Number of protein chains: 2
Amino acid sequence: MVEKKTIKLDDVAELAGVSKTTVSRVLNNRGYLSDKTIKKVHDAMDKLNYRPNVIARQLFKQKTNLVALVFPTVDNPFFAELEAELEKRFDQLGYRVLMGNSQNNPAKEQDYLKLLLNHQVDGLIVGSHNQGISEYQKTTRPIVSIERFVGKQIPVVSSDNYQGGLLAVQRLLNDGCKHIIHTNYPINLVSPNELRQQAYEDLMNKHHRKPITYSVSFDVSDEEKERVFRKMFREHPEVDGIFADNDTNASLIIRVGKEFNRHVPDDLKVVGYDGANITRTLSPELTTIQQPIPEMATKAVELLLQLIEGKTNVKSVTLPVKMINSTTA
Amino acid sequence: MVEKKTIKLDDVAELAGVSKTTVSRVLNNRGYLSDKTIKKVHDAMDKLNYRPNVIARQLFKQKTNLVALVFPTVDNPFFAELEAELEKRFDQLGYRVLMGNSQNNPAKEQDYLKLLLNHQVDGLIVGSHNQGISEYQKTTRPIVSIERFVGKQIPVVSSDNYQGGLLAVQRLLNDGCKHIIHTNYPINLVSPNELRQQAYEDLMNKHHRKPITYSVSFDVSDEEKERVFRKMFREHPEVDGIFADNDTNASLIIRVGKEFNRHVPDDLKVVGYDGANITRTLSPELTTIQQPIPEMATKAVELLLQLIEGKTNVKSVTLPVKMINSTTA
DNA sequence: TTGAAAGCGCTAACAT
DNA sequence: ATGTTAGCGCTTTCAA
């Protein structure tokens, strides 16, 4: 194979008989250029099959037009849709997107934070479930978080979790459920998602019922989760309504319920949470609270861009949720 | 707020009372250094909170340690799992991963190819469904494709589609199905996936049955797809077995079947394809052919790294599939 | 064991 | 309308 030397501005300049600067100007459409020069330069570029070295440009500009998405894993309906929506919007704005699956591993999350601090990326969207990463508190670089409290100065985009909780529980109450159980992840995760539980408890208390919540970690296997749900059915055979904190769990609960001869919705009603694309395609029967994923993506991108552009005083936002009526409740 | 000047090698060198070279050596653990010097330099780095500029290093090395994943969308169980597995492996090897959702848009795919040619990424994993992008034929830069023929010199990692097709159809035949229909996407997509259809046709012909295939584009809405399936049930009310080309379609077919009062598996059997994580969690009842997604990821990463390291003669591989027995067939 | 100097490929003052 | 030059921050020969 022929050893190919990389073609640079200089080579184009030489062939076109102009200076590097002129070539750079043609490349960036900047400054005054005569048509003749422009043509000469373009011809030379074509002839040499010139390709600008973006890294060099990045070094000069101190900007990479790269952002990283730090979520537990993209292999989950909610995050998959969210990341796809984020990528779509960033792409339109000329940003490339790094996939940062943190696996809920603080070390990996810190790696991505380092990328930001090292100026390898211009910004970060984080939605991981780790906590206590102190660097978040210190940095003033652009970070937007989704459904998670990260640090005082970091804006959060979330959906209206309290309202979502109310909608879900009210639906079960309206369905006539007497014994409603909630599943959530361990509450120490410092997420606005706790508000769902708050709403559940408030509404239960208001109706003089005892709130019962089962904790299920996000990052364990389906089998592990099913084990918790079996325990739940054994400990509370009277349960007739479940408000699950996400659709995957709702789906697992329905399956485990079958083992206990519970038929949904006749003798068990289930309301899920998230309402992502994939879930609705694969489990259309699920009644659920839908988070406005596309709008959340739009907002997060908007806020991050403001931060990247140096704007201060960027505020958190909360977006409304929607009830999706189907047949499990 | 205080205007912070970025700390560079020079600053560290000055504070430590050594040269840039020495600091660089400490940073990279290269060459002979006295312990005293090393300590001095580290102290200075700590004091200044020095962070190396990776872009500058990339410019020098002409290597970004970045790869891009070009697939139609990550918002799909198969691609989500595949991309997550790829990211996990690349991360362990020190590569970062760009998410390239091509939306089956050739222009977007070309953009990512450009990233590669511009040396902004070191390699590409492609699994999009576009075709006729001539640049693929010309480049000698590192590209590995998954389940898709891209160009003569580009290695393909695929699962054994022919075997998968045989397994699926044989299962339906064993179940006693007399009128089996196959769904696939338009055949011009130059994918090894055509082999599934080939297997279907071969087996049908062998059993003296007429093969019937319905084409469903990958990148249309669920509603659009359901429309095709309704047409299928109307045109072929005798159908009693379906070999769907992916699990999402299988799921949609089962739903549409209900509209036609078809009860699965009693009077309609369905075998899907892919067997991704999410699908199995959300639609565990689906009998399907499972692609070895983690192994495909492992192999693709391995091949791409060989290419990045300059190895030639990197060969395509085919990996075995597996039948997942459940209740829809 | 350490340093000086050149250069990775590009951009932007500043000059003409 | 175009060119000269300095420099973005780092690594690496080469020399000492």
Side-chain angles (χ1 to χ4, degrees), chain A residues 3-45 48-66 114-115 117-122, chain B residues 3-42 44-45 48-66 114-122:
Chain A
E3 181 68 29
K4 273 189 229 161
K5 160 175 149 310
T6 59
I7 307 296
K8 45 184 168 177
L9 265 191
D10 266 334
D11 303 314
V12 177
E14 194 182 338
L15 182 59
V18 297
S19 76
K20 283 164 61 170
T21 314
T22 303
V23 179
S24 172
R25 286 204 183 98
V26 172
L27 210 53
N28 297 290
N29 257 316
R30 212 189 303 290
Y32 306 99
L33 279 331
S34 75
D35 288 353
K36 208 170 55 188
T37 308
I38 295 180
K39 183 165 176 354
K40 267 195 307 190
V41 171
H42 275 138
D43 286 351
M45 284 180 177
L48 295 171
N49 191 22
Y50 169 71
R51 307 194 150 278
N53 180 321
V54 183
I55 306 295
R57 185 180 292 159
Q58 288 177 356
L59 176 60
F60 185 87
K61 299 232 175 178
Q62 301 291 54
K63 184 148 193 313
T64 57
N65 272 47
L66 220 57
K114 212 178 286 174
L115 286 189
L117 299 175
N118 289 357
H119 294 266
Q120 240 179 312
V121 301
D122 296 339
Chain B
E3 181 69 27
K4 273 187 228 161
K5 159 173 148 314
T6 60
I7 308 295
K8 45 185 168 176
L9 266 191
D10 266 332
D11 303 313
V12 178
E14 192 182 337
L15 182 60
V18 298
S19 75
K20 284 164 61 170
T21 314
T22 303
V23 179
S24 171
R25 287 203 182 98
V26 172
L27 209 55
N28 298 289
N29 257 316
R30 211 190 304 289
Y32 306 99
L33 278 331
S34 76
D35 288 354
K36 210 170 56 190
T37 308
I38 295 180
K39 183 166 176 352
K40 269 194 308 190
V41 171
H42 275 138
M45 282 179 178
L48 296 172
N49 192 21
Y50 170 71
R51 307 192 151 277
N53 181 321
V54 183
I55 305 296
R57 186 179 290 161
Q58 287 177 358
L59 176 59
F60 186 88
K61 299 232 175 180
Q62 301 289 56
K63 185 154 191 313
T64 57
N65 273 45
L66 219 57
K114 211 178 285 174
L115 286 189
L116 178 69
L117 300 175
N118 290 358
H119 296 266
Q120 239 180 313
V121 301
D122 296 339

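To find a chain, count down the sequence lines: A is the first, B the second, and so on, and within it residues start at 1. All figures in this text were calculated on a predicted structure; none of them were measured in a lab.
The side chain of B:Arg30 sits closest to D:dT12 out of D:dT4, D:dT11, D:dT12.
Backbone-only contact: B:Leu33 has heavy atoms under 4.0 Å from sugar-phosphate atoms and none from a base. Residue-level contact check: B:Thr22 touches the backbone only, with heavy atoms under 4.0 Å from sugar-phosphate atoms and none from bases. The residue B:Asp10 sits apart from the nucleic acid: no heavy atom pair falls under 4.0 Å.
The nearest whole Å value for the distance from the CG atom in B:Leu27 to the P atom in D:dG9 is 15 Å. Taking atom OH of B:Tyr32 as the reference point, atom P of D:dT12 lies 16 Å away to the nearest angstrom. For B:Asn29 and D:dT11, the CG to C1' distance is 15 Å, given to the nearest whole Å. Computed from coordinates, the A:Arg25 CZ to D:dA1 P distance equals 11 Å when rounded to whole Å. We find that NE2 of A:His119 is positioned 11 Å from P of D:dC10, with the value rounded to whole Å. We find that CD1 of A:Ile38 is positioned 12 Å from C1' of D:dT2, with the value rounded to whole Å.
Boundaries of the chain A contact region on DNA chain C are C:dC8 to C:dC14, first to last in 5' to 3' order (nucleotide atom under 4.0 Å from a heavy atom).
By the 4.0 Å N-to-carboxylate-O rule, A:Asp43 lies close enough to A:Lys39 to be salt-bridged with it.
At distances below 3.5 Å, at least one donor-acceptor pair connects side-chain atoms of A:Asp11 with backbone N or O atoms of A:Lys8.
Residues A:Ser24 and A:Thr21 bring no donor and acceptor atom of their side chains to less than 3.5 Å of each other.
For the contact set between residues 50-64 of chain A and DNA chain D, defined by any heavy atom under 4.0 Å, the members are A:Leu59, A:Phe60, A:Gln62.
The side chain of B:Ser24 contributes an N or O atom lying less than 4.0 Å from OP1 or OP2 of D:dT11. Look at A:Thr37 and you won't find any side-chain N or O under 4.0 angstrom from OP1 or OP2 of D:dA1.
Comparing A:Lys20 and A:Ser34 against DNA chain D, the residue whose closest nucleotide sits nearer the 5' end is A:Ser34. Toward the 5' end of DNA chain D, the nearer of the two residues B:Lys8 and A:Ser19, judged by each one's closest nucleotide, is A:Ser19.
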Donor-acceptor pairs under 3.5 angstrom involving side-chain atoms of residues 56-64 of chain B: please list them, not counting sequence neighbours.
residue : atom : partner  : partner atom : Å
B:Gln58 : NE2  : B:Thr64  : O            : 3.3
B:Lys63 : NZ   : B:Asn65  : OD1          : 2.8
B:Lys63 : NZ   : B:Tyr95  : OH           : 2.8
B:Lys63 : NZ   : B:Asp122 : OD2          : 3.3
B:Thr64 : OG1  : B:Leu66  : N            : 3.3
B:Thr64 : OG1  : B:Gln120 : O            : 3.2
B:Thr64 : OG1  : B:Asp122 : OD1          : 3.2

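Of the inter-residue distances, the one linking B:Leu27 atom CG with B:Lys20 atom NZ reads 13.0 Å to the nearest 0.5 angstrom. Note that the CG atom of B:Leu9 and the OG1 atom of B:Thr22 stand 10.5 Å from one another [nearest 0.5 Å].
Applying the side-chain contact (heavy atoms from CB on, under 4.5 Å) test between A:Ile7 and each of A:Leu48, A:Leu15, A:Asn53, A:Asn49 identifies A:Leu48 as the sole match.
When every heavy atom of A:Ile55 is checked against every heavy atom of B:His119, the shortest pair comes out as CG1-O, 4.0 Å. Heavy-atom minimum distance, B:Ala13 versus B:Ser19: CB-C, 3.7 Å.
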